[in-house]
Number of protein chains: 2
Amino acid sequence: MKELEKKLSDKQINPTAMRLLALDYLTKRSAAVSLTEMELEMDRSDRVTLYRTIKTFEEHGLVHRIEDGTGITKFALCQQGCDPGHHHDLHVHFFCNSCKETHCLPKTIIPEVVLPEAYQAQERELIVKGICAACAV
Amino acid sequence: MKELEKKLSDKQINPTAMRLLALDYLTKRSAAVSLTEMELEMDRSDRVTLYRTIKTFEEHGLVHRIEDGTGITKFALCQQGCDPGHHHDLHVHFFCNSCKETHCLPKTIIPEVVLPEAYQAQERELIVKGICAACAV
DNA sequence: TTAAGCGGTGCAATGGTATTGCAAAGTTAT
DNA sequence: ATAACTTTGCAATACCATTGCACCGCTTAA
Ligand SMILES: [Mn+2]
Ligand SMILES: [Mn+2]
Ligand SMILES: [Zn+2]
Ligand SMILES: [Zn+2]
């Protein structure tokens, strides 16, 4: 898996066994994932180690955090080049009310909105809830 | 406070002392509020009672829940007529990175977005983060 | 070749919020 | 006054996030 190693080193992340496993797992997932899901589906892993692994990934611009309104934080690989310390994912996230999965919609950009006088926007997050493509009949 | 009583009865909520206090508190707040804040600022109140009070308010269409991305659920009075069991607040919520307050922007409507093929939207939530009017110099 | 230094991992412990169970207190209708 | 129902308070539980600390393996400086 030289590819995975390269992805890590490109982001200045030391490619340990655990991190390669986590990256491999994330790469194969289509939906965003919570820490608890990762813990259950990847055995041979401690929750805290996963927590710190994901945190490292996030800080180095490899994954982004998604607050989908369920109260449970999810994570997904960044699409384009996000930088350490600064993400610029401005895509919509979709939460399926049927299968409860959260998907990145990288091609769906969050539109700008006009705010009341004197409000200054710095970031924005749009969650759309409904029925995902896989669940639609 | 016949006004407050009326607001409650209009929503089919039995106007108890606790509920009147909570509604009064919410009415006077400009920012959205978390359960913990309510618990601290309204003394003579049990957290669980507040929890259930808010839950009742929410179910009857009197307040709406706001997930502002902090992981802590906030609540605010509904603006227009929301119905029991079905809210139709489609306004933007603003989280101030400076004062950490969350504001409803009732006049700022969440724009529709075009989703990928076969995705069906049912609800949407937009959080804008930045500097609020009060914090802007 | 040791000894120190350091990053990474695992386990235990803590903190904070959400949620439920249950019994006491209050309210309303016979 | 009694019964039925609602509301409230306290205790307990369930999670999830986060931190502390000790251990392990590897690299580097004496
Ligand atoms: Mn995403
Ligand atoms: Mn609002
Ligand atoms: Zn689905
Ligand atoms: Zn502010």
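In what follows, every chain begins at residue 1, and chains take the letters A, B, ... in the order their sequences are listed. The figures that follow rest on heavy atoms only: side chains count, while hydrogens, waters and symmetry mates do not.
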When the distance from [atom1] of [X] to [atom2] of [N] is rounded to whole Å, what number comes out?
X	N	atom1	atom2	result
B:Ile72	C:dG15	CD1	P	16 Å
B:Asp46	C:dG26	CG	C1'	16 Å
A:Ile13	C:dG7	CD1	P	15 Å
B:Glu58	C:dT19	CD	P	10 Å
A:Glu67	D:dC16	CD	C1'	12 Å
B:Ile54	C:dT19	CD1	C1'	15 Å
B:Leu50	C:dG16	CG	P	19 Å
A:Glu39	C:dT9	CD	P	15 Å

Are the side chains of B:Leu50 and B:Arg52 in contact, using a 4.5 Å heavy-atom criterion?
no
Proximity to the side chain of A:Thr36 - top-ranked nucleotide from D:dC16, D:dT8, C:dT17:
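The answer is D:dC16, which lies nearest to the side chain.
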Please list all pairs meeting ring-ring contact (aromatic ring centres under 6.0 Å, His included) that have one or both residues in residues 104-137 of chain B, counting only residues at least two apart or in different chains.
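Found A:Phe94-B:Tyr119.
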Please figure out whether B:Thr53 or A:Gly71 has its closest DNA chain D nucleotide nearer the 5' end.
B:Thr53
Please evaluate residues B:Lys74 and B:Glu67 with respect to the criterion salt bridge (Lys or Arg N to Asp or Glu O under 4.0 Å), reporting the C-alpha separation (whole Å), side-chain torsions for both, the decisive distance (0.1 Å), and the verdict.
CA-CA 6 Å; B:Lys74 310 275 173 66; B:Glu67 307 286 352; over 6 Å; no
Is there a side-chain contact between B:Asn14 and the phosphate of C:dT27, meaning an N or O under 4.0 Å from OP1 or OP2?
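B:Asn14 to C:dT27 OP1/OP2: no side-chain N or O under 4.0 Å.
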Lys/Arg N to Asp/Glu carboxylate O, A:Glu5 vs A:Lys2, below 4.0 Å
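Answer for the salt bridge query: yes.
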Give a yes or no answer on whether the side chain of B:Arg65 reaches the backbone of B:Glu58 with a donor-acceptor pair at less than 3.5 Å.
no
Using a heavy-atom cut-off of 4.0 Å across all strands, would you classify A:Thr73 as base, sugar-phosphate, or nothing?
sugar-phosphate
For B:Thr16, which contact category applies under a 4.0 Å heavy-atom criterion: base, sugar-phosphate, or nothing?
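Since only primed, P, OP1 and OP2 atoms lie under 4.0 Å of B:Thr16, the category is sugar-phosphate.
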Quick one about A:Thr70 and A:Asp68 (side-chain donor to acceptor, distance below 3.5 Å, no hydrogens or angles considered), yes or no?
yes
Reading nucleotides 18-29 of chain D from 5' to 3' and marking B where a protein heavy atom lies under 4.0 Å of the base, S where only the sugar-phosphate is that close, and - otherwise, the string is BBB---------
Using every non-hydrogen atom in the two residues, find where A:Cys104 and A:Gln79 come nearest and quote the distance to one decimal.
CB-NE2, 3.7 Å
